[in-house]
Asker: 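My questions all concern the structure below.
These numbers were taken from a predicted model, which means no experiment stands behind them. In each ligand, atom 1 is the first atom listed, and ligand 1 is the first ligand listed.
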Amino acid sequence: MLKAYTKPTPVSKAITRTGTEETIRGWIHRKRTVGGKIFITVRDRTGVVQCVVDKSVIGEKLWSVLDKAYLESSLLLRGVVKKDDRAPNGVEMEASDVLLVHSGEQFPITEYQSAEFLLDVRHLWLRSQRMISAMKARSYLFRYLREFLDKQSFYEITPPIITVSGGETGANLFKLEYFDRKAYLTESSQLYAEAMIYSLEKVYSFAPSFRAEKSRTVKHLAEYWHLEPEMAYFNNATNMKLQEKLVSSVANRMAKENDGILKFFNVDPESLLRIKPPFKRISYDSAIELLQQKGSTKKWGEDFGVDEERLLTEDEDKPIFVYNMPKELKAFYMPINPKDPRTVLCADMLAPHGHGEIIGGSEREWRLEPLLERMKEMKMNIDNYKWYLDLRRYGSVPHAGFGLGVERILKWMLNLDHIRDAIPFPRMINRLVP
Ligand code: NSS
């Protein structure tokens with residue numbers, strides 16, 4: 001007799017064991033009844049397998065319970081694995097026993113649903129093959145990013161999520177009530193990561209960042225996962241070197257270890273295996289020239305939007321860096337470029353084929369006076385940054401760092417149309433539930 005806690009064989013393993021009797025545990029992915037037989041496709045986290053339940057084997061009572069069971073019912077099934085060329089994996093399980101754990105109500109998702117409806121029932125849509133594949137890739141991506149940095153002797157740090165001020169966008173902060181004061185959800189953990197290089201030297205934080213982005217684009221989330229390494233004695237050049245090594249490493253591992261997932265998304269693993277340092281580096285000045293040659297009307301000093309990012313990367317197979325942007329476009333902590341004081345020592349990494357910016361990084365102004373000057377120029381509230389300025393008062397050191405948007409990387413690697421499928425419960429201007 002099957003029990004709910006009977007130890008199952010993962011479906012992916014069971015399908016390799018033809019001739020033996022196996023127990024699998026999962027959910028009803030598909031179902032159809034033909035005469036006295038019910039064909040059930042059972043899904044678990046490792047795969048799907050077709051099973052056939054014969055009335056004459058299983059008995060009338062259990063058969064009719066299963067006949068009525070809804071899609072997505074949970075069950076355990078025991079049976080012999082047999083070769084069958086007509087079945088999807090070339091094998092079929094002939095059920096000798098079934099335990100229906102829960103059938104419940106009719107599953108609301110049927111074929112051909114609108115994207116909006118699937119977002120409304122996101123908590124259930126996560127069971128789809130598409131979301132299962134995307135969420136596995138996401139988990140692997142988190143692992144590969146961490147493992148790379150751990151191997152490079154970084155320490156992982158945990159920054160606060162509640163802050164009193166930002167550093168990046170200013171206008172896009174989410175406000176919240178903090179007892180009797182005003183506070184904000186963090187838009188970047190960088191300033192706290194900077195505070196920790198004075199003791200740990202090479203650190204990274206891996207945490208959500210929040211941006212009250214009013215724009216509805218395919219690459220903006222209001223809450224996204226942000227990997228932010230920060231390194232003492234790094235400059236713009238060594239910063240870029242580390243970034244291209246990191247991105248190549250995770251792209252290569254994604255390709256080598258997840259053939260099935262990539263194929264599901266019609267991505268050729270070879271395209272990710274080709275990601276190797278060095279990446280092309282172009283200055284903002286040459287980027288503007290290139291854009292103008294390609295017919296863009298962008299002038300020096302203007303920021304890039306979706307169209308410019310596409311034009312710059314349409315013929316690229318690897319990500320590229322655009323470095324030394326105009327200071328007006330960038331945050332207060334970026335040092336002025338001594339060779340051209342209209343620009344700062346920074347670099348953004350753009351993904352190939354128009355997937356957009358995946359990394360923003362820079363050197364940090366590590367000297368007190370120039371930093372203060374820049375903050376005053378930008379009319380910032382110096383009081384909020386007293387502690388940050390202290391970092392420049394005691395044993396300050398040159399340093400640099402960057403922020404990588406995990407969902408942006410996943411959107412690129414899986415060639416997703418929209419960033420929302422790179423995160424289980426997307427937060428966007430018009431989407432807060434579920
Ligand atoms: O604003 S950034 O360009 N840079 C920073 O926040 C720095 N303080 C990071 C640092 O140096 N520690 O954001 C960094 C990256 C950017 O390149 C994107 O990949 C991602 O964060 N990002 C986003 N992803 C998804 N949705 C939104 N809205 C978003 N904004 C930035």
Asker: Between Glu228 and Gln190, does a side-chain hydrogen bond (donor to acceptor under 3.5 Å, both in side chains) hold up when you go through it step by step?
Answerer: CA-CA 7 Å; Glu228 301 193 81; Gln190 178 196 320; over 6 Å; no
Asker: Check Glu213 against ligand 1 and report side chain, backbone, both or neither, counting heavy atoms closer than 4.0 Å.
Answerer: side chain
Asker: Using a 4.0 Å heavy-atom threshold (strictly under), name the region of Tyr224 that reaches ligand 1: side chain, backbone, both or neither.
Answerer: side chain
Asker: Is there a polar contact between ligand 1 and Gly405, counting only N or O atoms under 3.5 Å apart?
Answerer: yes
Asker: For atom 9 (C) of ligand 1, which candidate among Glu228, Met428, Arg364 provides the closest heavy atom?
Answerer: Glu228
Asker: Below 4.0 Å from any atom of ligand 1, is there a heavy atom belonging to Tyr333?
Answerer: yes
Asker: Going by distance only, is there an N or O of Ile419 that falls short of 3.5 Å from an N or O of ligand 1?
Answerer: no
Asker: Looking only at the side chains, is there a donor atom on one of Glu407 and Tyr224 sitting less than 3.5 Å from an acceptor on the other?
Answerer: no
Asker: Which ligand 1 atoms does Glu357 reach within 4.0 Å, using its non-hydrogen atoms?
Answerer: 3 (O), 16 (C), 17 (O), 18 (C), 19 (O)
Asker: At a non-hydrogen distance cut-off of under 4.0 Å, which region of Asp348 contacts ligand 1 (side chain, backbone, both, or neither)?
Answerer: neither
Asker: Give the single entry among Glu230, Glu187, Arg211 that approaches atom 2 (S) of ligand 1 most closely by any heavy atom.
Answerer: Arg211
Asker: Hey, is Trp225 touching ligand 1 through its side chain, its backbone, both or neither, going by heavy atoms under 4.0 Å?
Answerer: neither
Asker: Main chain of Phe234, side chain of Thr238: is a donor-acceptor contact present, judged purely on distance under 3.5 Å?
Answerer: no
Asker: Looking at Arg253 and Glu257, is there a salt bridge between them, counting it only when a charged N and a carboxylate O are closer than 4.0 Å?
Answerer: yes
Asker: Give yes if a backbone or side-chain nitrogen or oxygen of Ile358 is under 3.5 Å from a nitrogen or oxygen of ligand 1, and no if not.
Answerer: yes
Asker: For ligand 1, which atoms, with element, lie under 4.0 Å from some heavy atom of Ile359?
Answerer: 17 (O)
Asker: Could you walk me through whether Asp417 and Lys219 pass the salt bridge (charged side-chain N to carboxylate O under 4.0 Å, His left out) check?
Answerer: CA-CA 9 Å; Asp417 295 333; Lys219 54 176 209 152; over 6 Å; no
Asker: Can you label the angle between the Tyr284 ring and the Phe304 ring as parallel, tilted or perpendicular, going by 30° and 60°?
Answerer: parallel
Asker: Taking the six-membered ring for Trp and the single ring otherwise, decide whether the centroids of Phe107 and Trp27 are under 6.0 Å apart.
Answerer: no
Asker: Under the side-chain contact (heavy atoms from CB on, under 4.5 Å) test against Thr23, which residue among Met93, Arg78, Lys3, Lys7 passes?
Answerer: Arg78
Asker: Just to be sure I read this right, does ligand 1 sit under 4.0 Å from the backbone of Lys219, its side chain, both, or neither, counting only heavy atoms?
Answerer: backbone
Asker: What do the steps show when you test Arg211 against Ser188 for side-chain contact (heavy atoms from CB on, under 4.5 Å), and what is the final call?
Answerer: CA-CA 9 Å; Arg211 308 263 167 122; Ser188 159; 4.3 Å; yes
